[in-house]
Every structure is written in C-alpha cells, then in structure tokens.
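Data first, discussion second: the structure below is written as structure tokens.
These numbers come from a predicted model, not from an experiment.
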Amino acid sequence: MSEKDLTYYKGLEYKINIEKIVEDDQSFYIAYSNELGKYACYGKGETQVEAIKRFVIEKDECREYLCNEGETMIEPKQETSERYKGVLNDRTDKVSNGNL
C-alpha cells in the first residue's frame with residue numbers, strides 16, 4: 001500500500017455520472033463514476049439527488065473495504081484543463097498607424 005491513507009482516498013472527488021434506468025414500467029436513477037465501475041460502486045435512488053447521496057456513501061464504504069484488503073485504490077482522472085496549467089505568451093508585430 002502507498003503512503004496515502006484512507007482519509008486521503010475518501011477525500012478524492014470523482015466525476016459522477018447519473019443515468020435513468022427504466023425496467024418493468026418502473027424507473028430509478030443510478031449515480032456512478034467511470035473510474036470505480038458502473039456496477040461495482042454506485043448509488044441507486046428514486047431521484048437524482050438520492051442516487052448521488054447513496055453513491056457518496058457507497059464510495060466511502062468501497063474505499064474502506066479496499067483499504068482494509070490492501071487493494072490498489074483508483075484515483076480520479078484529471079480533466080484536461082487541470083493537467084495543462086500555465087501561461088501562454090503570444091508575441092505579435094507592432095501595428096503601424098492603427099491598421100492591421
């Protein structure tokens with residue numbers, strides 16, 4: 001196991017997907033993260049908010065289980081905008097007489 005502890009892993013934020021499921025004339029929502037697996041770690045509810053709340057609980061329980069078993073923890077993928085931070089300088093020629 002790495003030097004990171006359970007508190008670190010529980011604090012990670014995953015992008016949450018919400019999907020409406022219709023089965024046998026009944027509908028419900030599931031909330032899940034691609035990194036953790038659609039049907040491995042998800043929350044189910046009658047509303048989107050309920051599904052998200054249950055996902056957060058399930059995610060923490062999953063983190064505890066994996067930590068206790070010494071399994072590898074999957075960290076959320078970084079969005080492109082988070083991976084590329086910095087400054088972009090663009091040098092242009094001097095414009096004469098206000099004309100381009």
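- Rounded to the nearest 0.5 Å, atoms CD1 (I52) and OH (Y29) are 11.0 Å apart.
- Of all non-hydrogen atoms in I16 and A31, the two that sit nearest each other are CG2-CB, 3.9 Å.
- If you take OG1 on T72 and CG on L66, they are separated by 9.0 Å, rounding to the nearest 0.5 Å.
- At a threshold of 4.5 Å between non-hydrogen side-chain atoms, the residues E13 and P76 do not count as touching.
- Counting heavy atoms from C-beta on, the side chains of Y32 and E58 never come closer than 4.5 Å.
- Taking the side chain as every heavy atom from C-beta outward, Y65 and E61 never approach each other to under 4.5 Å.
- Applying the side-chain contact (heavy atoms from CB on, under 4.5 Å) rule to Y8 yields the partners K4, D5, L12, E75; only residues at least two apart in sequence or on another chain are considered.
- Looking at residues two or more places apart in sequence or on another chain, you find a salt bridge (Lys or Arg N to Asp or Glu O under 4.0 Å) between K10 and E64.
- Within the structure, salt bridge (charged side-chain N to carboxylate O under 4.0 Å, His left out) pairs that include any residue of residues 40-54 comprise E50-R54 (at least two apart or interchain).
- Side-chain heavy atoms closer than 4.5 Å link hydrophobic residues (I, L, V, M, F, W, Y) into clusters, and following such links, even through other members, never connects Y42 to Y9.
- With sequence neighbours left out, the side-chain hydrogen bond (donor to acceptor under 3.5 Å, both in side chains) criterion links Y14 to R63.
- With contacts defined as side-chain heavy-atom distances shorter than 4.5 Å, the pair S33/K59 does not qualify.
- In this structure, C41 and C62 approach most closely via the heavy-atom pair SG-CB, 4.0 Å.
- Note that CZ of F28 is 11.5 Å distant from NZ of K20, once rounded to the nearest 0.5 Å.
- Under the rule for a salt bridge (Lys or Arg N to Asp or Glu O under 4.0 Å), the partners of K38 that lie at least two apart in sequence or sit in another chain are E19.
- Looking at residues two or more places apart in sequence or on another chain, you find a side-chain contact (heavy atoms from CB on, under 4.5 Å) between I74 and E35.
- Between I18 and I30 the shortest side-chain heavy-atom distance does not fall below 4.5 Å.
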